[in-house]
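Data block below; observations after.
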Amino acid sequence: MPINKDQLRTLIVQPVLAVLDLPAPDVAENLLMGTAAHESHLGDYIQQVGGGPALGIYQMEPATLNDCYVNYLDYSTRAALKAKVDGFLAAQPVGSDGKPDKSAHLATNLAYATAMCRIRYYRAPGALPSDPNDLNGLAAYWKQYYNTPLGAGTVDQFIADYNRFLG
């Protein structure tokens with residue numbers, strides 16, 4: 001059963017975006033909502049169907065999460081942003097080293113998964129669409145920078161899922 005779209009938007013996505021305080025929060029909000037609608041049908045799937053590694057409502061792979069840290073958040077010039085993102089980590093689940101298991105948090109922690117999805121998009125080289133209601137633009141941005149040109153998803157599928165779950 002999917003997560004209630006209005007509750008996801010108002011109780012998770014909007015507050016996380018407010019804490020991160022990154023540009024274009026209105027566009028990012030619709031992009032994140034569309035990503036969750038397409039990738040997991042708003043939470044019907046928490047682990048990638050077919051045995052793949054992707055986790056959570058945004059179906060982020062642990063390798064992508066690690067890349068966001070190693071090649072972006074771990075730089076000292078981004079310490080404040082990293083602290084905001086890591087502020088969403090809860091005490092559980094933890095790894096064998098006693099530290100938060102960030103990959104597990106993708107599946108169990110909606111706020112952290114939302115923050116990481118926003119970071120993934122924030123790192124993208126292309127500018128976000130200027131209109132938060134430009135569904136074609138949001139879908140094309142998702143395809144280029146989240147699913148990637150080699151990914152199995154299509155712009156048409158993103159749009160259909162956006163309309164089905166959020167329309």
Side-chain angles (χ1 to χ4, degrees), residues 1-22 25 28-74 78 81-124 138-139 141-148 150-154 157-166:
M1 173 177 251
I3 297 169
N4 178 281
K5 66 180 180 178
D6 297 322
Q7 291 181 12
L8 177 62
R9 184 181 295 274
T10 60
L11 298 174
I12 305 296
V13 174
Q14 290 173 348
V16 167
L17 292 176
V19 168
L20 294 179
D21 194 29
L22 296 173
E29 178 181 324
N30 284 345
L31 184 58
L32 293 176
M33 291 296 295
T35 301
H38 176 69
E39 295 289 343
S40 71
H41 297 171
L42 289 185
D44 268 352
Y45 306 102
I46 301 301
Q47 186 170 28
Q48 187 173 350
V49 175
L55 298 167
I57 65 170
Y58 303 102
Q59 293 291 285
M60 181 177 280
E61 295 183 3
T64 300
L65 172 125
N66 291 334
D67 180 67
C68 285
Y69 275 91
V70 170
N71 293 308
Y72 192 76
L73 290 171
D74 284 345
R78 299 185 183 101
L81 180 58
K82 181 181 178 181
K84 290 177 184 180
V85 170
D86 285 350
F88 292 110
L89 288 168
Q92 298 293 328
V94 296
S96 60
D97 59 1
K99 295 179 181 178
D101 180 345
K102 292 174 182 169
S103 292
H105 276 271
L106 291 174
T108 64
N109 183 332
L110 291 173
Y112 180 73
T114 298
M116 288 309 303
C117 185
R118 179 61 182 111
I119 293 300
R120 169 69 191 253
Y121 281 123
Y122 185 62
R123 294 180 62 207
L138 295 173
Y141 198 86
W142 162 83
K143 177 60 183 165
Q144 180 68 33
Y145 297 113
Y146 201 85
N147 183 257
T148 76
L150 298 176
T154 68
Q157 290 169 336
F158 181 98
I159 291 170
D161 287 336
Y162 192 102
N163 288 326
R164 176 179 171 199
F165 293 100
L166 304 172

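It should be emphasised that the depicted structure is a prediction, and the values quoted were computed from it without experimental measurement. Worth knowing before you read on, the calculation uses all heavy atoms, side chains too, and leaves out hydrogens, waters and symmetry mates.
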Where do Asp86 and Leu73 land on the side chain to side chain contact (heavy atoms under 4.5 Å, CB included) test, with the steps shown first? CA-CA 10 Å; Asp86 285 350; Leu73 290 171; 5.8 Å; no
Looking only at heavy atoms, the pair that brings Ala37 and Leu42 closest together is N-CD2, 3.7 Å
Interatomic distance, CG@Leu166 vs CG@Asn30, rounded to 0.5 Å, equals 8.0 Å
When rounded to the nearest 0.5 Å, the distance separating OG1 of Thr154 from CH2 of Trp142 is 6.5 Å
| Which class fits the ring pair Tyr122 and Tyr72: parallel under 30°, tilted 30 to 60°, perpendicular over 60°? | perpendicular
Quiz item: Is there a donor in the side chain of Asn4 and an acceptor in the side chain of Arg9, or the other way round, less than 3.5 Å apart?
Solution: no
For a side chain to side chain contact (heavy atoms under 4.5 Å, CB included) check, start with the C-alpha distance between His105 and Phe88, then their side-chain angles and the critical distance, and finish with the verdict. CA-CA 9 Å; His105 276 271; Phe88 292 110; over 6 Å; no
Do Leu55 and Leu65 come within less than 4.5 Å of each other through their side chains, counting heavy atoms only? no
CZ (Arg123) and OG1 (Thr64) are apart, to the nearest 0.5 Å, by 9.0 Å
### Query
Side chains of His41 and Pro2: closer than 4.5 Å at any heavy-atom pair?
no
Ignoring hydrogens and angles, tell me if any N or O in the side chain of Asn66 forms a donor-acceptor pair with the backbone of Pro62 under 3.5 Å. yes
### Message
I'd like to check Val85 versus Tyr112 (side-chain heavy atoms, cut-off strictly below 4.5 Å). Are they in contact?
### Response
yes
Applied to residues 10-20, the salt bridge (Lys or Arg N to Asp or Glu O under 4.0 Å) test, sequence neighbours excluded, yields none
Can you tell me if Lys5 uses its side chain to pair, donor with acceptor, with the backbone of Phe165 under 3.5 Å? no
Could you tabulate the donor-acceptor pairs under 3.5 Å formed by side-chain atoms of residues 10-19, not counting sequence neighbours?
unit_1 : atom_1 : unit_2 : atom_2 : d
Thr10  : OG1    : Asp6   : O      : 2.8
Gln14  : NE2    : Glu29  : OE1    : 3.4
Gln14  : NE2    : Glu29  : OE2    : 3.1

Hits for ring pair (Phe, Tyr, Trp, His ring centres under 6.0 Å) against Tyr69, two or more places apart or cross-chain, chain-then-number order -> none
Rounded to the nearest 0.5 Å, the CG atom of Asn147 sits from the CD atom of Glu39 at a distance of 6.0 Å
Heavy atoms of Asn109 and Ala90 approach each other most closely as ND2-N, 3.7 Å
Mark yes or no for whether Arg118, through its side chain, and Leu32, through its backbone, hold a donor-acceptor pair below 3.5 Å. no
Between the NZ atom in Lys84 and the CZ atom in Arg78, the distance rounded to the nearest 0.5 Å is 14.0 Å
CD of Gln144 to OG1 of Thr148, rounded to nearest 0.5 Å, is 8.5 Å
Of all heavy-atom pairs linking Gly153 and His38, the shortest is CA-NE2, 4.4 Å
**Message:** Could you walk me through whether Ile3 and Leu110 satisfy the side chain to side chain contact (heavy atoms under 4.5 Å, CB included) test, starting with their C-alpha distance in whole Å, then the side-chain angles of each, then the deciding distance to 0.1 Å, before giving a yes or no?
**Reply:** CA-CA 11 Å; Ile3 297 169; Leu110 291 173; 4.1 Å; yes
### Task
Determine, step by step, whether Tyr141 and Tyr146 satisfy the side chain to side chain contact (heavy atoms under 4.5 Å, CB included) criterion, reporting the C-alpha distance in whole Å, the side-chain angles of both residues, the deciding distance to 0.1 Å, and the verdict.
CA-CA 8 Å; Tyr141 198 86; Tyr146 201 85; over 6 Å; no
Between Ile159 and Ala139 the two heavy atoms that sit nearest each other are CG1-CB, 3.7 Å
